[in-house]
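Have a look at the structure below, then the notes.
Numbering starts at 1 and runs along the sequence shown. Source: prediction; values computed, not measured.
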Amino acid sequence: MAEHQIAVEEAKENLLACAARLAESIKNSDGRSEAMKEIIPRYLEKDAVDLSAELANTIDDPFTRDRLLMLVAERCAAIDDDEYALQLVEAIEDYGAQAQAREHIALQKSAKGDFVKALEIASALDHADYAYADIAVRQIESGDEAGGFQTLGKIEFPTAKVAALQNVALHELKKGDGAKAAQSFENAVQSAIEIEFSEEKVRALTDIGNHYVEANQNSSAIETFDRAKAAAETIDGVHRDSLLGGVALGFLRAGSLELADRTLDSVADKTQMASALVGFSKRFWEQNEPDEAVETLEEAYQILKSQREREIRDSRARYNLWATIAVEFARIGKAERAVEIAQEILDETAQTSALKQIAQICTLQNRDELARQAVAAIRDDAQKMFALIGTSDAKNKLDKPDEALSILREAETLCETVPQLASRSAAFNELAKRFHAFGDAEKARALLHENLENISGIRDESVRVAALAQLADLHGELKFDLSAAEKEILEAMVRKAEW
């Protein structure tokens with residue numbers, strides 16, 4: 001293996017350096033790749049581009065190496081080291097990744113207002129449409145309308161042109177120029193019609209329709225959603241129903257319940273139908289129609305629950321939607337129903353996510369008993385602990401610091417029972433941040449010390465590196481220095497990793 005980029009002495013004195021040294025010491029190719037994905041972005045935040053490039057070059061996996069070199073090149077462009085950025089692009093092995101890196105450099109130059117350089121780089125790309133789209137919008141936003149529209153004219157790919165024209169229209173709306181915005185939206189519609197791939201066409205037209213709604217141009221929105229619906233009805237693939245569901249919700253937002261219901265009748269997949277109805281329910285709630293919102297949400301739940309095994313296309317999407325429905329019941333004040341529905345979810349990950357959110361919502365609604373019921377229903381101790389941290393945050397938002405602190409201490413007690421060291425590490429960090437926010441820096445410092453000891457016991461090398469890097473982030477955020485005892489722990493980890 002190549003010589004280490006991080007010196008042992010540096011690794012003993014600095015958490016991130018130690019994490020990097022440990023990452024370099026991982027012999028397993030996949031493990032080192034995963035570890036470097038945690039390390040290199042953090043060094044890039046410090047503008048350490050040379051070190052980041054060298055660390056990327058220690059990776060055996062060409063895909064990960066190329067992707068990380070792309071990040072380094074992009075950061076070089078952001079700090080105006082363009083020559084080095086382009087040198088790094090040449091070091092990328094995959095031609096597609098090279099092209100993507102050049103595009104990212106062009107986008108960085110565009111973001112900095114260096115349109116001459118951005119256009120120069122974009123002009124050398126085989127497919128420059130999205131780069132031109134970004135440059136055109138930023139030119140117009142900076143006041144160079146002539147230059148922006150000239151760049152806009154270089155775009156050949158309709159999907160990229162649609163995206164650019166929508167952003168131009170939104171900019172014109174912010175300026176109060178409704179006539180120009182209307183023309184840009186119309187131009188976007190015409191470009192969307194030219195899109196050959198039906199699914200992309202529907203998505204583009206639906207986006208434009210939603211922007212029309214935001215601009216209070218409902219008649220134009222309905223006309224655009226009509227075009228989207230017609231295109232969606234020609235699709236035979238699995239995305240047809242989700243696209244029609246999005247169009248149906250668009251019609252509702254544009255003020256036509258009749259067209260929304262008619263479009264929803266064309267949706268065959270029950271998961272997509274229920275998903276659209278959840279959107280309908282949210283819209284009814286926003287429009288101060290609570291009874292309609294509750295009824296529609298109940299309908300969504302019943303449709304989803306009635307789905308037979310052979311009708312399910314994506315179990316994960318179905319369970320996530322089930323969780324969303326449970327959470328929405330809590331948001332609209334039906335917490336008992338929310339907990340009941342959440343407990344019916346068969347997938348533990350989706351169920352836990354729902355219960356954690358319900359606990360927070362109930363806390364914010366001053367329904368502590370139901371919040372406790374939701375937390376108690378969580379089976380995994382680690383997730384129950386994070387749920388308690390969330391309810392503590394909710395109490396803090398209600399300006400009840402004593403109650404928030406009490407729940408936080410309860411979460412800390414539960415932390416000791418969590419067997420997974422990686423989960424425990426994440427919890428230590430979250431607890432430390434909150435104790436520090438409550439003014440107890442000594443407690444936060446003790447938790448972070450305990451976390452370092454905990455991290456040293458993590459067996460998976462890439463997981464240990466990630467946990468150490470996250471601890472380094474928090475030490476920097478809270479401005480804590482390492483103690484002599486902690487430096488000894490770092491030294492021991494380095495020594496063990498290199499046996």
Side-chain angles (χ1 to χ4, degrees), residues 210 213-214 242 245-246 248-255 257 260-261 264 270-307 316-378 383-384 386-400 403-404 407 411:
N210 285 322
V213 172
E214 292 166 10
S242 64
L249 182 55
F251 276 129
L252 181 66
R253 294 183 70 236
L257 179 58
D261 284 338
L264 197 58
K270 288 182 177 179
T271 297
Q272 297 303 330
M273 187 182 297
S275 179
L277 286 170
V278 171
F280 280 28
S281 174
K282 290 179 181 178
R283 184 64 176 172
F284 290 137
W285 187 260
E286 290 168 1
Q287 293 179 315
N288 200 27
E289 299 178 47
D291 292 342
E292 193 71 26
V294 172
E295 183 181 334
T296 305
L297 193 59
E298 186 65 42
E299 183 183 358
Y301 166 66
Q302 294 300 336
I303 288 172
L304 191 67
K305 191 175 181 181
S306 71
Q307 196 171 26
R316 180 179 295 179
R318 181 172 181 264
Y319 287 130
N320 288 341
L321 179 59
W322 201 312
T324 297
I325 290 171
V327 172
E328 282 305 309
F329 268 110
R331 289 192 199 283
I332 61 179
K334 302 292 180 181
E336 295 90 343
R337 186 73 173 126
V339 174
E340 177 187 339
I341 291 171
Q343 288 181 295
E344 292 177 354
I345 302 172
L346 297 179
D347 179 77
E348 187 171 353
T349 300
Q351 183 191 78
T352 300
S353 174
L355 289 168
K356 284 160 70 175
Q357 292 177 73
I358 291 166
Q360 278 191 288
I361 292 166
C362 289
T363 303
L364 290 169
Q365 294 172 347
N366 288 309
R367 306 184 75 176
D368 292 351
E369 187 176 339
L370 281 165
R372 281 287 171 182
Q373 185 179 333
V375 172
I378 297 172
Q383 295 304 320
K384 188 175 291 188
F386 286 117
L388 285 170
I389 292 172
T391 57
S392 172
D393 290 343
K395 282 291 184 185
N396 209 26
K397 285 182 182 177
L398 293 174
D399 199 22
K400 297 181 178 180
E403 292 180 44
I407 296 171

Requested in this report: Indicate the atoms forming the closest heavy-atom contact of A350 with I345, along with that distance.
Outcome: CB-CG2, 4.0 Å
Requested in this report: Return the set of residues passing side-chain hydrogen bond (donor to acceptor under 3.5 Å, both in side chains) with N366 (not counting sequence neighbours), or none when no residue passes.
Outcome: K400
Contacts under 3.5 angstrom, residues 354-363 side chains, donor-acceptor by atom type, not counting sequence neighbours:
from	atom 1	to	atom 2	distance (Å)
K356	NZ	Q383	OE1	2.8
Q357	NE2	S353	O	3.3
Q357	NE2	S353	OG	3.2
Q360	NE2	G390	O	3.2
T363	OG1	A359	O	2.7

Report summary line: What one should report as the nearest heavy-atom pair of K384 and V375 is CE-O, 3.5 Å
Query raised in the report: CD of E369: more than 12 outside heavy atoms within 6.0 angstrom?
Result: no
Report summary line: Nearest heavy-atom contact between S281 and A293 is OG-O, 2.8 Å
Report summary line: With sequence neighbours left out, the residues meeting ring pair (Phe, Tyr, Trp, His ring centres under 6.0 Å) with F329 are none
Query - Over all atoms of both residues, closest heavy-atom pair of Q272 and S242 - result: OE1-CB, 3.2 Å
Query raised in the report: If you round to the nearest 0.5 Å, how far is CD of Q351 from CD1 of I378?
Result: 8.5 Å
Query - Distance in Å, I303 CD1 paired with T271 OG1, rounded so as to fall on 0.5 Å steps - result: 10.5 Å
Report task. For side-chain contact (heavy atoms from CB on, under 4.5 Å), just list the numbers for D261 and F280, CA-CA rounded to whole Å, side-chain angles, deciding distance to a tenth of an Å, and then say yes or no. Result -> CA-CA 10 Å; D261 284 338; F280 280 28; 3.9 Å; yes
Query raised in the report: Out of curiosity, L264 CG to F251 CZ, how far, rounded to the nearest 0.5 Å?
Result: 12.0 Å
Query raised in the report: What distance separates E292 CD from E299 CD, expressed to the nearest 0.5 Å?
Result: 9.0 Å
Query raised in the report: Got F284 and L252 here, is their nearest side-chain heavy-atom distance under 4.5 Å?
Result: yes
Query raised in the report: Of the non-hydrogen atoms in R318 and K305, which two are nearest, and what is the gap between them?
Result: NH2-O, 4.0 Å
Query raised in the report: If you round to the nearest 0.5 Å, how far is CD of Q302 from NZ of K270?
Result: 11.0 Å
Query - Least distance between heavy atoms, A274 atom then L321 atom - result: CB-CD2, 3.8 Å
Query raised in the report: Run the side-chain contact (heavy atoms from CB on, under 4.5 Å) check on D347 and R316 step by step: do they pass?
Result: CA-CA 8 Å; D347 179 77; R316 180 179 295 179; over 6 Å; no
**Report entry** From F386 atom CZ to T391 atom OG1, the distance as rounded to the nearest 0.5 Å
**Finding:** 13.0 Å
Report task. Check the pair E336 / R367 against salt bridge (charged side-chain N to carboxylate O under 4.0 Å, His left out), numbers first and verdict last. Result -> CA-CA 10 Å; E336 295 90 343; R367 306 184 75 176; 3.0 Å; yes
Query raised in the report: Is there a side-chain contact between L277 and L297, using heavy atoms and a 4.5 Å cut-off?
Result: no
Report task. Using the side-chain contact (heavy atoms from CB on, under 4.5 Å) rule, take K334 and E340 through it: C-alpha gap first, then chi angles, then the decisive distance, then the call. Result -> CA-CA 10 Å; K334 302 292 180 181; E340 177 187 339; over 6 Å; no
